[in-house]
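Since the structure comes first, as structure tokens, the remarks are kept for the end.
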Amino acid sequence: LAGFAHPTFPYSDYSMEELGTMFPQYVENNAPTVQSPEQTHQKFLTALKKGDFEEAVRCCFREGDRTQTKEDLERIKDKGMLPVMIKDLDTTITQTVSNSWRSSYEYVVMKDGKKYASMLSFLKSKDGIWYIESL
């Protein structure tokens with residue numbers, strides 16, 4: 001649609017690196033980080049502790065995920081499980097896998113005297129914000 005696939009586009013005038021810079025496949029790869037996964041985790045936890053689900057989803061989840069996530073948080077609260085969720089998330093997260101646009105972290109949860117590892121996944125936006133993909 002932009003005309004770059006047209007056979008008269010001067011591909012040979014540019015190196016692969018130059019073409020990659022001019023037309024990045026994944027713009028989030030080149031976006032400077034303005035909010036790290038650790039910062040997102042802390043903002044989410046702070047909002048949960050205040051019971052501010054609106055802020056929790058706005059700061060920490062992609063726009064298309066916010067409505068469903070807020071509903072999920074309301075259900076967790078209604079079941080009386082919000083304090084447990086906060087307690088579980090109120091810990092240090094440790095990066096396990098990372099690339100320029102997706103990152104996974106683990107944290108340890110104690111249940112019945114045993115340690116269990118849980119995961120948080122983050123996606124980087126084109127604006128350089130790492131949003132929670134899954135809890």
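Hydrogens, waters and symmetry mates play no part in the numbers below; they use all other heavy atoms, side chains included. All values reported here derive from a predicted model rather than from experimental measurement. Residues: numbered from 1 along the sequence shown.
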Exam field: side chain Q68 to backbone D65, donor-acceptor pair closer than 3.5 Å: no
All pairs passing salt bridge (charged side-chain N to carboxylate O under 4.0 Å, His left out) where residues 13-22 contributes a residue, at least two apart: none
Over all atoms of both residues, closest heavy-atom pair of K43 and C59: CB-SG, 3.7 Å
With T40 via side-chain hydrogen bond (donor to acceptor under 3.5 Å, both in side chains) - residues at least two apart: Q35
Distance-minimising heavy-atom pair for H41 and L89: NE2-O, 2.9 Å
Residue pair T92 / Y107: nearest heavy atoms and the distance that separates them: O-CB, 3.7 Å
Gap between atom CE of M81 and atom CG of L73 - 0.5 Å precision: 13.0 Å
Inter-residue atom distance C60.SG - L135.CG, 0.5 Å rounding: 9.5 Å
Connected hydrophobic set around V108, excluding itself, where side chains approach under 4.5 Å: none
Residues forming a ring-ring contact (aromatic ring centres under 6.0 Å, His included) with Y105, sequence neighbours excluded: F122
Charged N-O contact under 4.0 Å between R75 and D78: no
side-chain hydrogen bond (donor to acceptor under 3.5 Å, both in side chains) between S103 and Q95, worked out: CA-CA 7 Å; S103 194; Q95 188 176 62; 3.1 Å; yes
Chi angles and distances behind the side chain to side chain contact (heavy atoms under 4.5 Å, CB included) call for R102, K124: CA-CA 6 Å; R102 176 173 271 146; K124 187 178 180 185; over 6 Å; no
Option among F61, W101, W130 that satisfies the side chain to side chain contact (heavy atoms under 4.5 Å, CB included) test with L123: W101
From K79 atom NZ to L82 atom CG, the distance as rounded to the nearest 0.5 Å: 13.0 Å
Acceptor/donor pairs from residues 110-120 side chains to any protein atom, 3.5 angstrom cut, sequence neighbours excluded:
none

Heavy-atom closest pair, residues M85 and I76: SD-CD1, 3.9 Å
Exam field: side chain T33 to backbone S36, donor-acceptor pair closer than 3.5 Å: no
Which donor-acceptor pairs under 3.5 Å do side chains of residues 44-56 form with protein atoms, sequence neighbours excluded?
unit_1 : atom_1 : unit_2 : atom_2 : d
T46    : OG1    : Q42    : O      : 2.9
K49    : NZ     : D90    : OD2    : 3.0
D52    : OD1    : E54    : N      : 3.4
D52    : OD1    : E55    : N      : 3.0
E54    : OE1    : K70    : NZ     : 2.7
E55    : OE1    : R58    : NH2    : 2.3

Side-chain heavy-atom pair V109, K87 within 4.5 angstrom cut-off: no
